[in-house]
A.B. asks: 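Okay, handing you the structure first.
Numbered from 1 within each chain, the chains take letters A, B, ... in sequence-line order.
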Amino acid sequence: MSEEQIRNLEKQFEERIARDEKIEPKDWMPEKYRQTHIRQMSQHAHSEIVGMLPEGNWITRAPSLRRKVALLAKVQDEAGHGLYLYSATETLGISREEMYEQLHTGRAKYSSIFNYPTITWADIGAIGWLVDGAAIINQVPLCSTSFGPYARAMVRVCKEESFHQRQGYEIMIKLSNGTPEQKEMAQDALNRWWWPSLMMLGPTDAESVHTEQSMKWKLKRKSNDELRQQFIDQTVPQADLIGLTIPDPDLKWNEERGSYDFGEIDWDEFWQVVKGHGPMNKERLKARVSAWERGEWVRDAAMAYAEKKAERKEKEAV
Amino acid sequence: MKSQTMTTTKNWPLWEVFVRSKNGLEHRHFGSLHAADADMALENARDVYTRRNEGVSIWVVESKNITASNPEHNGEMFEPAKDKVYRHPTFYELPDEVKYM
């Protein structure tokens with residue numbers, strides 16, 4: 001194809017997206033569109049899978065059967081979300097094994113929030129409330145993104161995410177209304193998860209490198225700073241309601257803007273964790289790789305059994 | 001990294017999943033998944049795609065068995081239908097007085 005033909009195709013492609021047409025896997029697409037989507041969607045999938053680790057840690061220690069079934073169901077949902085997203089990414093021509101390898105060798109990233117430890121039961125409440133809350137804000141606009149399989153996967157994910165947030169907030173309510181020690185535990189979890197949750201919405205607009213292109217392809221509808229403001233404005237009253245204090249001395253309602261002003265985010269910490277120096281980076285990757293390697297004989301056995309069964313069926317047919 | 005084993009062992013094939021949400025509706029494509037065989041594909045499909053009563057019936061088919069049309073040939077494939085307006089009832093002119101037609 002000549003350069004002019006490609007330019008022409010690209011122009012038609014951008015116009016289709018501008019008209020809100022969806023792009024499906026076998027449609028022609030610019031190489032950059034394919035690569036950007038493989039990167040973002042696989043990282044999203046990896047985040048769901050690694051996201052199971054900090055919470056899975058608490059399943060056996062959930063304080064009641066009610067909490068245990070809820071947490072089990074939530075963690076199972078995260079596995080499901082990872083699978084929807086991996087399958088959607090595979091339609092772009094990358095194999096599941098390649099994606100796993102990128103994750104396991106550290107070449108692919110996942111959301112940095114999962115590199116923080118879950119040291120008390122209240123952390124499970126804070127994760128559902130804040131981390132899933134921030135994830136919802138990030139994910140809802142993706143339900144109408146331009147790549148069909150991604151948009152469809154996100155519709156399913158968003159439908160399921162609301163239960164995650166509500167079960168987390170319910171844990172926080174319960175702890176806040178409990179003994180002074182329990183309330184203190186809830187406050188401590190909020191103190192530790194608040195800032196990392198704000199960072200989840202991405203670097204500031206001034207620092208964000210992909211924004212313009214992503215807006216065009218509808219991978220983004222609002223800027224990181226807008227999303228962060230939305231998250232803060234909706235979360236602060238939820239904290240007030242259960243008597244917890246947001247750990248930000250600069251947080252103040254701004255009548256004029258109709259929004260909360262908030263303090264400086266420690267972006268050095270953010271980049272440190274992204275670069276692999278967070279408290280749990282090594283631990284998470286180790287757990288993930290170990291699960292994959294220790295499951296290898298099971299995958300092989302299942303495949304051998306399937307082949308044996310197929311062979312037997314063939315012989316019977318003869 | 002055990003990348004070697006990843007390439008030497010046989011990977012589970014890809015399956016497409018179709019779910020009937022309730023009787024009276026058709027099976028609709030829900031997504032795909034990997035499984036060693038059809039039975040496992042069905043079980044995984046139940047766990048991945050119908051955790052909240054989304055289905056009453058599931059079909060799975062190995063992806064490699066699906067033949068798909070190529071969007072690059074959409075012209076010759078679908079355009080012939082575009083200029084055949086006479087296949088639609090509105091193509092035929094009838095006086096307003098005619099009822100039940």
Side-chain angles (χ1 to χ4, degrees), chain A residues 9 23-29 73-74 76-77 79-91 95-107 148-149 152-153 155-156 159-160 163 285 289-290 292-310 313, chain B residues 1-19 21 27-55 58-78:
Chain A
L9 280 171
I23 307 302
E24 294 296 341
K26 291 182 124 195
D27 293 350
W28 184 87
M29 60 185 77
K74 178 180 193 287
Q76 193 190 10
D77 274 354
H81 297 175
L83 292 177
Y84 305 154
L85 285 160
Y86 278 131
S87 319
T89 317
E90 279 173 83
T91 65
S95 72
R96 182 76 60 97
E97 289 68 32
E98 264 176 281
M99 287 189 270
Y100 284 161
E101 192 169 84
Q102 287 177 354
L103 172 65
H104 296 165
T105 54
R107 272 186 298 141
R152 292 191 286 275
V155 168
R156 204 164 284 135
K159 265 190 206 159
E160 298 177 349
F163 131 65
L285 213 52
V289 171
S290 143
W292 177 250
E293 287 177 352
R294 285 161 64 192
E296 187 176 347
W297 71 270
V298 181
R299 295 191 299 277
D300 288 349
M303 203 61 224
Y305 177 66
E307 277 167 358
K308 195 176 86 180
K309 256 197 334 190
K313 217 172 170 184
Chain B
M1 203 62 246
K2 294 176 82 181
S3 58
Q4 248 181 337
T5 55
M6 284 188 188
T7 46
T8 50
T9 45
K10 232 173 167 181
N11 294 315
W12 291 356
L14 188 67
W15 300 75
E16 300 301 321
V17 179
F18 299 82
V19 176
S21 330
H27 285 77
R28 201 164 56 80
H29 184 238
F30 261 45
S32 46
L33 49 78
H34 290 267
D37 60 22
D39 291 336
M40 188 196 276
L42 269 181
E43 280 169 18
N44 288 358
R46 181 202 57 190
D47 291 344
V48 178
Y49 293 105
T50 63
R51 286 194 302 285
R52 289 180 175 79
N53 288 315
E54 291 95 335
I58 302 176
W59 292 345
V60 290
V61 57
E62 215 180 314
S63 310
K64 67 173 188 205
N65 293 325
I66 290 183
T67 309
S69 67
N70 183 342
E72 276 172 35
H73 303 151
N74 272 8
E76 61 237 58
M77 191 83 172
F78 301 111

A.B. asks: Can you name the closest pair of heavy atoms from B/Trp12 and A/Met303 and give their distance?
C.D. replies: CD1-SD, 3.5 Å
A.B. asks: If you count heavy atoms of other groups shown closer than 6.0 angstrom to CZ of A/Arg294, is the number above 12?
C.D. replies: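 At most 12 heavy atoms, drawn from other residues, nucleotides or ligands, come within 6.0 Å of this atom.
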A.B. asks: Does CG belonging to B/Asn53 count more than 12 external heavy atoms closer than 6.0 Å?
C.D. replies: no
A.B. asks: Can you tell me if B/Tyr49 uses its side chain to pair, donor with acceptor, with the backbone of A/Tyr84 under 3.5 Å?
C.D. replies: no
A.B. asks: Count the heavy-atom pairs under 4.5 Å between each of A/Ala304, A/Ala310, A/Pro149, A/Ala302 and chain B, then report the option with the highest count.
C.D. replies: A/Ala302
A.B. asks: For residues A/Lys26 and B/Ala68, report the shortest heavy-atom separation together with the two atoms involved.
C.D. replies: NZ-CB, 3.5 Å
A.B. asks: Any chance NZ of A/Lys309 has more than 12 other-residue heavy atoms, nucleotides or ligands included, within less than 6.0 Å?
C.D. replies: yes
A.B. asks: Run the numbers on B/Arg51 and A/Glu160 for side-chain contact (heavy atoms from CB on, under 4.5 Å), then give the verdict.
C.D. replies: CA-CA 10 Å; B/Arg51 286 194 302 285; A/Glu160 298 177 349; 2.9 Å; yes
A.B. asks: What part of B/Glu54 lies closer than 4.5 angstrom to a heavy atom of chain A: side chain, backbone, both or neither?
C.D. replies: side chain
A.B. asks: What is the minimum heavy-atom distance between A/Ala306 and B/Ala36, and which atoms define it?
C.D. replies: CB-O, 3.4 Å
A.B. asks: Side chain, backbone, both or neither: which part of B/Asp39 has a non-hydrogen atom closer than 4.5 Å to chain A?
C.D. replies: side chain
A.B. asks: Flag the pair B/Val48 / A/Arg156 as yes when at least one side-chain heavy-atom distance between them is below 4.5 Å, and no otherwise.
C.D. replies: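 Of all side-chain heavy-atom pairs linking A/Arg156 with B/Val48, none is under 4.5 Å.
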A.B. asks: Using non-hydrogen atoms only, which part of B/Ser63 is less than 4.5 Å away from chain A: side chain, backbone, both, or neither?
C.D. replies: neither
A.B. asks: Atom CD of A/Glu307 and atom NZ of B/Lys10: how far apart are they, to the nearest 0.5 Å?
C.D. replies: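 Those atoms lie 4.0 Å apart.
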A.B. asks: Please look at A/Gln76 and chain B and tell me whether the side chain, the backbone, both or neither of the residue comes under 4.5 angstrom of a heavy atom of that chain.
C.D. replies: both
A.B. asks: If you compare all heavy atoms of A/Glu90 against all heavy atoms of B/Leu14, which two are closest, and at what distance to 0.1 Å?
C.D. replies: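 Looking at all heavy atoms of both residues, the shortest contact is OE1-CD1, 3.9 Å.
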A.B. asks: For residues B/Glu16 and A/Ser87, determine if any side-chain heavy atom of one lies less than 4.5 Å from a side-chain heavy atom of the other.
C.D. replies: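 Heavy-atom side-chain distance check fails, nothing below 4.5 Å.
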A.B. asks: If we only count heavy atoms from C-beta on, is the B/Met40 to A/Tyr305 side-chain gap below 4.5 Å?
C.D. replies: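 Side chain of B/Met40 against side chain of A/Tyr305, heavy atoms only: no contact under 4.5 Å found.
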